[in-house]
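The first residue in the sequence is number 1, and the count goes up from there. Keep in mind that what you see is a predicted model, and the values were worked out from it rather than measured.
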Amino acid sequence: MIIAGAAVAVSACSGNKEGKNFKYLLDEFADLKVMRYQVPGWDGLSLQQKEYIYHLAEAAKWGRDIYWDQNCKYAIPVRKAVESIINDYNGNRKCEEFDQFMVYAKRLFFSNGFHHHYAEDKFFPECPREYFASLMTEVGVENAEELLNAIYNPEFMPQRKATDGDDIVAGSAVNFYEGVTRAEVEAYYASIEVPGDKTPISYGLNTKVVKGEDGVIREEAWKVGGIYGPAIEKIVEELEKAAEVAENDSQKKYIASLCDYYRSGDLRKWDEYNIEWLQDTLGTVDFVNGFVEDYNDPLARKGAWEALVNFKDNEASKRTEILSANAQWFEDNSPVDPRFKKPVVKGVSAKVINVAMLAGDSYPATPIGINLPNADWIRRDYGSKSVTIANITRAYDCAAQESPKSTLTEFAYDEAEIARAKQYAAITDDIHTDLHECLGHGSGQLLPGTSPNALGEYSSTLEETRADLFGLYYMADPKLVELGILPDLEAYKASYDGYIRNGLMVQFNRVELGRPNTEAHMQNRKLIAEWCYEHGQDMHFCDDEGCRWTTAIEKREKDGKTYFVVCDYPALRELFGELLAEIQRIKSEGDYAAGKALVEQYAVNIDPAIHKEVRDRYAALCLKPYGGFVNPTIVPVEKAGKIIDYRLDYSQGYLEQMLEYGRKYSAL
Ligand code: ZN
């Protein structure tokens, strides 16, 4: 049963619990921006759940040095030198060179090393080497020359992960291999892997490959008593404290398996842990902790250490539950031909989470969704856990609004459009995603005899188009207000403005000039926006208020700039419905020719003049392409020697946090 107007908390960026003073954007430098995220729902957790999260978060922070050392064996020594300069340098701090040193320090912390976290190339301080050397001398850094060479020499370890060159293993700065060539590593693994194994362990995931003095290649494990032993012992210690206050036995069991794995280095145990972990769907609190993603390894075997602690977002999950519970109503009322509708439809409740701690490979740059485990055979036999991280997405949106310059202010036509977006877009973006994921993809049915592969190379673009249209059509439905999902009947307009602005302009900043639009989601957005723009000119439209000739979307010019402006929202909704019906027909009948024609006409080719204009306007905004986050501090609240609560403190700054982590969680 649904209570209309239920308080489904969809907070806009301001006016939330932390009040209007919560600032998301903390700092910007080089090509980076640092933000904070809030953790909604914290106060609704029990003391035991908070304690559980607290220890999982401690376990997360204790792994920090592992990730630094994996990136490059000079990363920690360089960081320690930089930390002691920031902490102890007594000379003049008010000069350009010191500022340049500080920018380098901030970049170093951001990338967990001196290679760019995304581009992989070494970056350099802008202050002269002699100046950096003088800072080191002043605070008494040992091995200063060796470290300065690591920092300044462009020939020395130029890339974290090499993708070309003579030998991508020897040419990579990552600390996964020592004294071995790519051919030797490949031969080594070929010799130990079992051909035809249906459930293979993830060979090499948690080891370094070295050549002994005897010339024999071997692996050294990252485990208690092995490489990274002191850090892993701390992780295990905190995980065991966490297990004592876990929510249920299944969590206790998989934490025990994870600790066994950390002690033994046995990858079979890692698989066991993953299977137990992915089957636990009852707990509110969840986490990732281990050697997980292999993107940093040139040979894609070695897991970068990462951790992330999260708990289910009950408000957002309530929203997806409401939508799922009403899935049949949405199916029955869609503008699609009844023959193509599902007689019985089941919505999907996507799990939405909020993170409370990020670490290792997930800190400060972090993903907005997770799908684990990675082992193919476990995914095949047991499935995987897939979640979206609501508070990180929210923080990105809200931080963008705090910038004086944004794609919104640049590409929105007037103040009213900007104000609408600021009031509603954070909410409507989430709801559109929910409609797309929970209902859109699952709606509709194929006619008997239609092959699911009938649309060939156009199928993913058309499928995304269908799911997006389902969401767009229902955004404007009073049903959403009635269900308490949207606050009022105006909100959807922000979503329509944004969709058209993005589909016809903003998104083209990501395509090189002269190139076509090829990515499936970008194609689907362009297809929808272009089709509606074209069909919305001189359109005859009838609704409750009668019939009229109207223009749904207008192209306007102002100060030499182009804008696409939604002029008639009900008419645009009608167009979304019309196109949805057609795309569903194409899918249900497997009409390849019609699908192909739509994609080729509306999705691929970008008007060269618009394309150039978008690229120029976007470049002039000088936006920071990469973002990362500081964590809140989880503070135990004591009374008479007893912990009575854990409080979240958001006041810590970026450098402050980096220095604190360096001071407290330095195990290596
Ligand atoms: Zn989709």
* Does a salt bridge link Arg585 with Asp337, judged by any charged N lying under 4.0 Å from a carboxylate O? -> no
* **Flag, side chain of Asp297 to backbone of Lys302, donor-acceptor distance under 3.5 Å** => yes
* **Lys318 with Glu315: basic N within carboxylate O range, under 4.0 Å** => yes
* Examine distances only and state if a side-chain atom of Gln159 and a backbone atom of Lys122 form a donor-acceptor pair shorter than 3.5 Å. => no
* Asked: Would a distance-only check, ignoring hydrogens and angles, find a side-chain to backbone donor-acceptor pair under 3.5 Å from Asp468 to Thr465?
  -> no
* Qualifying residues under side chain to side chain donor-acceptor pair (under 3.5 Å), relative to Gln537, sequence neighbours excluded -> none
* Judged by modelled atom types alone, do Ser443 and Arg466 share a side-chain donor-acceptor pair under 3.5 Å? -> yes
* In terms of side-chain geometry, is the basic nitrogen of Lys33 or Glu28 positioned less than 4.0 Å from the acidic oxygen of its partner? -> no
* Any ion pair linking Lys493 and Glu417 (charged N to carboxylate O, less than 4.0 Å)? -> no
* Asked: If you measure from CD1 on Ile553 to NE2 on His535, what distance do you get to the nearest 0.5 Å?
  -> 11.5 Å
* Asked: Going through the checks in order, is the salt bridge (Lys or Arg N to Asp or Glu O under 4.0 Å) test met by Glu193 and Arg301?
  -> CA-CA 13 Å; Glu193 281 175 351; Arg301 285 185 182 276; 3.0 Å; yes
* To do: Check for a donor-acceptor pair, side chain of Thr550 on one end and backbone N or O of Met539 on the other, with a separation under 3.5 Å.
  => no
* Asked: So, do Ser334 and Lys341 sit near enough that their side-chain heavy atoms are less than 4.5 Å apart?
  -> yes
* Could you tell me whether a side-chain N or O of Arg573 sits under 3.5 Å from a main-chain N or O of Met475, the two making a donor and an acceptor? => no
* At what distance, to the nearest 0.5 angstrom, does CG of Asp397 lie from CD1 of Ile427? -> 11.0 Å
* To do: Compute the centroid of each ring, for Phe330 and then for Tyr473, and state whether the two points are separated by less than 6.0 Å.
  => no
* Asked: Within the side chain of Ser588, is there an N or O that forms a donor-acceptor pair under 3.5 Å with the backbone of Gln584?
  -> yes
* For Cys567, check disulfide bond (SG atoms under 2.5 Å apart) against everything at least two apart and list the hits. => none
* Asked: Is the gap between the ring centers of Tyr626 and Phe110 under 6.0 Å?
  -> no
* Distance (rounded to the nearest 0.5 Å) between Tyr602 OH and Asn517 CG -> 15.5 Å
* For the residue pair Asn310 and Ile389, establish whether any side-chain heavy-atom pair is separated by less than 4.5 Å. => no
* Asked: Counting N and O atoms only, with roles assigned by atom type, does the side chain of Ser317 sit under 3.5 Å from a partner on the main chain of Asp313, one being a donor and the other an acceptor?
  -> yes
* In terms of heavy-atom contacts, does CZ of Arg548 have more than 12 from other residues, nucleotides or ligands at under 6.0 Å? -> yes
* Check: His117 main-chain N/O paired with Ser111 side-chain donor or acceptor under 3.5 Å -> yes
* Any ion pair linking Glu410 and Arg617 (charged N to carboxylate O, less than 4.0 Å)? -> yes
* To do: Answer yes or no: is there a donor N or O on one side and an acceptor on the other, between the side chain of Lys587 and the main chain of Leu446, under 3.5 Å?
  => no
* Report the C-alpha separation of Gln38 and Asn391 in whole Å, then their side-chain angles, then the decisive distance to 0.1 Å, and conclude whether the side-chain hydrogen bond (donor to acceptor under 3.5 Å, both in side chains) test is met. => CA-CA 6 Å; Gln38 292 199 66; Asn391 59 338; over 6 Å; no
* Do the non-hydrogen side-chain atoms of Val604 and Val599 ever get within less than 4.5 Å of each other? -> yes
* Asked: Would one find more than 12 heavy atoms of other residues, nucleotides or ligands at under 6.0 Å from atom CG of Asp488?
  -> yes
* Salt bridge Lys312-Asp286, side-chain N to carboxylate O under 4.0 Å -> no
* Asked: Are the side chains of Ile528 and Phe576 in touch, meaning some heavy atoms are under 4.5 Å apart?
  -> yes
* Over 12 non-hydrogen atoms of neighbours within 6.0 angstrom of CG in Asp197 -> yes
* Not counting sequence neighbours, which residues clear side chain to side chain donor-acceptor pair (under 3.5 Å) with Arg379? List them please. => Asn371
* Cationic N near anionic O, under 4.0 Å, Asp616 to Lys612 -> yes
* Heavy-atom donor-acceptor pair, Asn333 side chain to Trp329 backbone, under 3.5 Å -> yes
* Asked: Is any side-chain N of the basic residue among Asp414 and Lys558 closer than 4.0 Å to the acidic one's carboxylate O?
  -> no
